[in-house]
Structure formats: C-alpha cells, structure tokens
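What you see below is based on every heavy atom in this structure, not just the backbone, and it leaves out hydrogens, waters and symmetry mates.
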Amino acid sequence: MSATPVRSPTLQRNKMKKDESFLGKLGGTLVRKKKAKEVSDLQDEGRNAINAPMSPSTIDIHPEDTLLEENEERTMIDPNSKEEAKFKELIKVLIDWINEVLVEERIIVKNLEEDFYDGQVLQKLLEKLAGRKLNVAEVTQSEIGQKQKLQTILDDVQEFLRPQGWAIRWNVDSIHGKNLVAILHLLVALAMHFRAPIRLPEHVSVQVVVVKKREGLLQTNHVTEELTTTTE
C-alpha cells in the first residue's frame, strides 16, 4: 500500500496566498464593475430625462452632467440652437471684437468657454475697456484662486453695469463652469455698456435644457434664453 504524499506547509501557504490573491482581484473587479454600472445607470437616467419627448433633438450628454449632487443644477444648449446662423454670428462677432481689443496684449481668443472661464482673458478685456488696471493676481493655477480672482473681476463688472440697471445673468460658478450662455450674457452686456463698434445680431435666443437633481432623481426643464434683443 503506497503512502499518501504529504504536501509541505510552504506549498500549502503559497496556494492559500494565491487563492486569496485571486479572490481579492475578483472582489475588486466586481466592485469596479458595480460602480461602473451605477455610473452607467445614472448616465442612462440623465439621457432619458433630458431627451424627453418635448426635446426636439438628442442632447450630447457628458458623464459629469448627470452625476449631480442633491439640488445641483446643470444647463446645456440644445444642439439645434448651436447650429442656428444668428447664434454662430453672435459668437463670431464677439470673438472678433475681443481679439481686436486685445491685439496689443497678443491674446487670441478662439473658444469662449475655454478662454474665459478662469478670468485671465476677462481681466485683460475689462482693463482695456475701462482704461485702468484691476487689483487682482495676474496668474493663479488653483481652482480656489481662479474663483477668487474671477469673483473680484465680476464685482468690478457689476460696478460698471449697475448704473444702467443691467440684469446680472451670470455668477462665478457659471463662468468658471464654462457655461456658454452665461459667458455670452456677460460679453453682450460689456459690448453694449462700453459701446463696442460692432453690430450684434438682433433677437438671438437659444433653447437651454436645465437639469437638476431633486430627491435623488434628475428633473429637466426646457427654457428659452434671450441673448440679444435689438441694437437700440
């Protein structure tokens, strides 16, 4: 009768470690898959909410637009509005004007959302239009620093616009969040106040989808934002 081979304690320990390692990896994979599914479910919920029957076209949803905190709100421009000739003309006229004002600063603006969110270009533009330096830091990299600088600049903007009774339709979060509608409201107000030698297209409006999270559910509202009225 042959003896049953006895495994060494070292081999048994190595096998246990391999088993534990495999289970650990499997568990981590399952957790990651679960989290990925939760994110996917939220994105699907956001798409379904935004692309409701009353929406005329499919909105291009970014993941960060659906992963909202309770009572947090995001806005997106309907793609059809972005393709309208008057909307494109408004953006072109504003960009050409800004680049003309800042030509001596060697600043070339190409994209309003990317070039205005941190306050750097807005500072230079306001200084040129107002003819005086603003008391703000020249360069800041951190988000907190950018928002503090941006708030100071927007306070100065409000000081200029207040006597004319302009409705302030922007804030630090919307500008820093690259909200194109808010940036356009701001630039149109500056162009009108400082009597820019340009002709803005009249009666430009856009369809905006407002997404808000309330009691764990995404709710949407479709509104029309009027960007310009008449040039009078």
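Linking ILVMFWY residues whenever their side-chain heavy atoms come closer than 4.5 Å, directly or via other members, places F116 and I198 in the same cluster. The hydrophobic cluster containing L180 also contains W97, counting ILVMFWY residues as joined when their side-chain heavy atoms lie under 4.5 angstrom apart, directly or transitively. Each of Y117 and V157 belongs to its own hydrophobic cluster when Ile, Leu, Val, Met, Phe, Trp and Tyr are linked at side-chain heavy-atom distances under 4.5 angstrom. Cluster membership for I108 and L94, using ILVMFWY side-chain heavy atoms within less than 4.5 angstrom, is not shared. By the rule that hydrophobic residues join a cluster once side-chain heavy atoms approach within less than 4.5 Å of another member, V101 and V103 end up as members of separate clusters.
Defined by atom type and a distance below 3.5 Å, a donor-acceptor pair is present between the side-chain atoms of Q207 and T224.
Contact of the Q120 side chain with the Q146 side chain is not registered, since no non-hydrogen atoms from C-beta on lie closer than 4.5 Å. Side-chain atoms of L184 and I91, non-hydrogen and from C-beta on, do get closer than 4.5 Å to each other. Side-chain contact between K82 and V206: absent, with no pair of heavy atoms (C-beta onward) separated by less than 4.5 Å. Contact of the D156 side chain with the N135 side chain is not registered, since no non-hydrogen atoms from C-beta on lie closer than 4.5 Å. Under the 4.5 Å side-chain criterion, counting only non-hydrogen atoms from C-beta, M192 is in contact with L200.
Of the inter-residue distances, the one linking L122 atom CG with L190 atom CG reads 7.0 Å to the nearest 0.5 angstrom. Atom CD1 of residue I95 and atom CG of residue N111 lie 7.0 Å apart, to the nearest 0.5 angstrom. The CD atom of E105 sits 5.0 Å away from atom NZ of K124, with the distance rounded to the nearest 0.5 Å.
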What do the steps show when you test L227 against H185 for side chain to side chain contact (heavy atoms under 4.5 Å, CB included), and what is the final call? CA-CA 6 Å; L227 299 173; H185 278 309; 3.8 Å; yes

As a quick check of understanding, evaluate side chain to side chain contact (heavy atoms under 4.5 Å, CB included) for F194 and L126, giving each step before the final call. CA-CA 10 Å; F194 288 101; L126 190 57; 4.1 Å; yes

Side chain to side chain contact (heavy atoms under 4.5 Å, CB included) between K88 and E83: does it pass, once the steps are laid out? CA-CA 7 Å; K88 289 183 175 181; E83 295 302 315; 3.1 Å; yes

For a side-chain hydrogen bond (donor to acceptor under 3.5 Å, both in side chains) check, start with the C-alpha distance between D155 and T152, then their side-chain angles and the critical distance, and finish with the verdict. CA-CA 5 Å; D155 287 344; T152 301; 5.5 Å; no

Run the numbers on E143 and H176 for side-chain hydrogen bond (donor to acceptor under 3.5 Å, both in side chains), then give the verdict. CA-CA 9 Å; E143 180 178 342; H176 196 269; 4.6 Å; no

For V204 and V188: C-alpha separation, side-chain torsions, deciding distance, then whether side chain to side chain contact (heavy atoms under 4.5 Å, CB included) applies. CA-CA 11 Å; V204 180; V188 167; over 6 Å; no

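Across E159 and P163, no two heavy atoms sit closer than the pair O-CD, 3.4 Å. Counting all heavy atoms, side chain and backbone alike, E226 lies closest to S205 at CA-CB, 4.1 Å. Across S142 and G145, no two heavy atoms sit closer than the pair OG-N, 3.0 Å. Between V93 and R199 the shortest heavy-atom distance is CG1-O, 4.0 Å. In terms of heavy-atom proximity, V181 sits nearest to N179 at N-OD1, 3.0 Å. In this structure, Q151 and V172 approach most closely via the heavy-atom pair OE1-CG2, 2.8 Å.
For R195, the CZ atom sits in a loose shell: 12 or fewer heavy atoms of surrounding residues, nucleotides or ligands are nearer than 6.0 Å. Environment of CD in E70: crowded, with over 12 heavy atoms of neighbouring residues, nucleotides or ligands closer than 6.0 Å.
A salt bridge links K133 with E127: at least one charged nitrogen is closer than 4.0 Å to a carboxylate oxygen. Ion pair E202/K86 not flagged as a salt bridge, since none of the NZ, NE, NH1 or NH2 atoms sits closer than 4.0 Å to an Asp/Glu carboxylate oxygen.
Residue W170 forms a side chain to side chain contact (heavy atoms under 4.5 Å, CB included) with just one option from I183, L187, L154, and that option is L154.
The aromatic rings of H193 and F160 sit tilted, their planes meeting at an angle between 30° and 60°.
Remark: side-chain polar atoms of T229 are not paired, donor with acceptor, to backbone N or O of H203 under 3.5 angstrom.
Sequence neighbours left out, the pairs with a member in residues 110-123 that pass salt bridge (Lys or Arg N to Asp or Glu O under 4.0 Å) are E114-K178.
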